[in-house]
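Here's the structure we're looking at; comments come further down.
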Amino acid sequence: MQTNPTIQALLKGEIDAAIIASHPVESQLQGDTLYYEQFFGYVSPKESIFKNELIRTSDINGERLWLLDEGHCFRDQLMRFCQMEKVKVRQSAYRLGSMETFMRMVESGNGITFIPELAVDQLGQEQRMLVRPFAIPKPAREIVLVTRKDFVRHTISEILIQSVRKSVPKEMHSLQPYEKVV
């Protein structure tokens, strides 16, 4: 579910809690940071930036970039970080799909996409060869458990928070000096 419909469902009381990739701005909601997650490039060997050890935002021109559809926070955060407003027009044919589909496109020799840090752990050895980190400041997103301020099941939310934090590496619990939340 995209962020905006999730926030609306929380505000209407249709759901009790949600995990989203930003702190809520609505006054009726509150958020607890679960962890911070970096973005990585997933680059075809046929792309010129494949030879680079690090990706700089100036290296990304949007020509062969696979992005999620508008409204996905992952896409929106990277668009802001890379200052790629022009990609919205150029990439209209490529916006639909899933991160996994775009990864398969890259693996078949077509373009670049972006993946979150936790996805890197799921990759095989050959797939990891396609991963490129960003130069400093490394883009990251803040993953947050959001509830209404009148939420009363604090024990349940605390159990959920602790469970999620235990499942991610400790260095992801806080924003690192070389990371920038986008």
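Quick note: residue numbers are just sequence positions, from 1. Quick caveat, the model's predicted, so the values are computed rather than measured.
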Mind checking whether [X] and [Y] have side chains closer than 4.5 Å, heavy atoms only?
| X | Y | result |
| --- | --- | --- |
| Leu54 | Pro133 | yes |
| Tyr42 | Leu123 | yes |
| Leu11 | Gln8 | yes |
| Phe102 | Ile115 | no |
| Phe134 | Phe39 | yes |
| Phe50 | Ile112 | no |
| Ile19 | Val146 | no |
| Lys149 | Gln28 | no |

Heavy-atom closest contact ([X] atom, [Y] atom, distance):
| X | Y | value |
| --- | --- | --- |
| Thr113 | Val106 | N-CG2, 3.8 Å |
| Pro137 | Lys180 | CB-CB, 3.8 Å |
| Gln30 | Arg148 | NE2-O, 3.8 Å |
| Val144 | Gly31 | CG1-CA, 3.5 Å |
| Ala140 | Leu175 | CB-CD1, 4.4 Å |
| Lys46 | Gly109 | CD-O, 3.4 Å |

Which distance, rounded to the nearest 0.5 Å, do you find between the CE of Met103 and the OG of Ser108? 12.5 Å

To the nearest 0.5 Å, how far apart are CZ in Arg165 and CE in Met172? 12.5 Å

Does [Y] offer a backbone N or O that forms a donor-acceptor pair with the side chain of [X] under 3.5 Å?
| X | Y | value |
| --- | --- | --- |
| Glu142 | Tyr35 | no |
| Lys51 | Ser48 | yes |
| Arg132 | Asn52 | yes |
| Gln162 | Ile159 | no |
| Glu179 | Gln176 | yes |
| Glu117 | Gln38 | yes |

Is the number of heavy atoms from other residues, nucleotides or ligands under 6.0 Å of Glu53 CD greater than 12? no

Answer yes or no: does atom CD of Glu126 have more than 12 heavy-atom neighbours from other residues, nucleotides or ligands under 6.0 Å? no

Salt bridge (Lys or Arg N to Asp or Glu O under 4.0 Å) contacts in which one or both residues fall within residues 16-42, not counting sequence neighbours: Asp16-Arg153, Glu37-Arg141

Candidate pair Leu118 and Val168, rule side chain to side chain contact (heavy atoms under 4.5 Å, CB included), full reasoning: CA-CA 8 Å; Leu118 290 177; Val168 300; 4.0 Å; yes

Step-by-step side chain to side chain contact (heavy atoms under 4.5 Å, CB included) determination, Leu160 to Leu145: CA-CA 9 Å; Leu160 181 58; Leu145 176 70; 3.7 Å; yes

Is it the case that Thr33 and His173 place a side-chain donor and acceptor less than 3.5 Å from each other? no

